[in-house]
Amino acid sequence: MNFLRHPALGLVTRLAVGGIFVYASLDKIAHPDLFARIVFNYHLVPAPLINLVALLLPATELLAGALLILGVWPRSAGLVLTALTLVFIVALSINWFRGVSLECGCFTASSKAKGAIGDLILRDIALLAAAAHTTFLARPWAALRPEPDTALSTGTVVD
Amino acid sequence: MNKQILTRAALIVLLATVLALAHNAVSPHRIAYVGTWPSTFGTDSAAVPPSYQEDDPPILRLDEAAAYFQSAGAQFVDARDEADYQLGHIPGAINFPFDYYDDHAGTVLPRLDKERDIVTYCGGADCELSLYMARQLRNEGYTKIHIFFGGFTQWQESGLPVEVPEP
């Protein structure tokens, strides 16, 4: 599995994952009221917190995505996005189980974008793998402020 | 996973939080930090009167109307008579009785911003004043019009905030 540690692959997953999240954040930041409605429709967030979640989620996507692209603290930013993707997968799965028809809110705040939840979950699992790669396996290449592999272990040098 | 990575990850989330709250404070599309949402879950369908045509302004469901309500940019227009309006209305809504359109047009139309979203409503599914008002406003040159057919009845029943003027 040496190719997983190839620096070029690290750059590719960094740019791809960072780019996807930055792109995904823009429409939601432009239309917080409509995105809040989508958060409401997931029926997972208590009513008083819906607007805060609708504001914080896309901002976190944008910031962590941008840091990942630039290679500033890439493992930390990747960790944030890995955790976010996990949350998305759980949220989608719960509503899949409930049998609710859902507006994804993945890339747009529009209510027109409806997809089969199973497909959305598969897509997020692929994204999860790529995001986890940026955190746990990628080697820093063309990163402004790289973080060493040793940052992942509690002390011993891996490589 | 060492502490430094976890600390930085937390810092990233914290910084995003600060940026998001600051941006929302100055954004023309800002929303309330604590939202008001319907307590009922049955929000998937929208009531539509028979006279609604396909090219009429778009319809909002309750949750969509609630979303526009959170937005600082949206204006609600209450098309009912003044007496109904005085008994209670959606907070911040402008009273523009459709039955007395010409009497009010001179004072209300200048207050309605063409750049902002407009949501018309009336009593509920059995009233079509919201539809007539939406058509009329479109004729006046407004483009960002939406109709909330659930109206004040559905709004109130779902536990959303209501404004009652002082007697």
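Chain naming here is simple, since letters A, B, ... match the order of the sequence lines and numbering starts at 1 in each. Since the structure is predicted, the reported quantities are computational estimates derived from the model, not experimental observations.
At a 4.5 Å heavy-atom cutoff, the contact between A32(B) and chain A is made by backbone and side-chain atoms alike.
Among A30(A), P32(A), A47(A), the residue making the largest number of heavy-atom pairs under 4.5 Å with chain B is P32(A). Among the candidates L49(A), T60(A), I50(A), the residue making the largest number of heavy-atom pairs closer than 4.5 Å to chain B is I50(A). The greatest number of non-hydrogen atom pairs below 4.5 Å with chain B, out of A54(A), A59(A), P58(A), is found for A59(A).
At distances below 3.5 Å, not a single donor-acceptor pair connects side-chain atoms of D33(A) with backbone N or O atoms of Y68(B).
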Open item on the list: Determine whether N41(A) and R61(B) satisfy the following criterion, side chain to side chain contact (heavy atoms under 4.5 Å, CB included), listing intermediate values before the conclusion.
Closed with: CA-CA 12 Å; N41(A) 273 331; R61(B) 300 186 314 237; 3.6 Å; yes

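Contact of the L79(A) side chain with the L6(B) side chain is registered, since non-hydrogen atoms from C-beta on lie closer than 4.5 Å. For the pair N2(B) and E147(A), the minimum side-chain heavy-atom distance is 4.5 Å or more. No side-chain heavy atom of R75(A) sits under 4.5 Å from any side-chain heavy atom of R8(B).
A distance of 8.5 Å separates CD of Q4(B) from CH2 of W73(A), quoted to the nearest 0.5 Å. In this structure, H29(B) NE2 and I29(A) CD1 are separated by 12.5 Å, a value rounded to the nearest 0.5 Å.
Annotation: salt bridge (charged side-chain N to carboxylate O under 4.0 Å, His left out) contacts of D78(B) (sequence neighbours excluded): R80(B).
L19(B) and Y23(A) sit in two unconnected hydrophobic clusters of ILVMFWY residues. Membership requires side-chain heavy atoms under 4.5 Å apart, directly or through other members.
Nearest heavy-atom pair, N51(A) versus Y33(B), reported as atom, atom and distance to 0.1 Å: CB-O, 3.5 Å.
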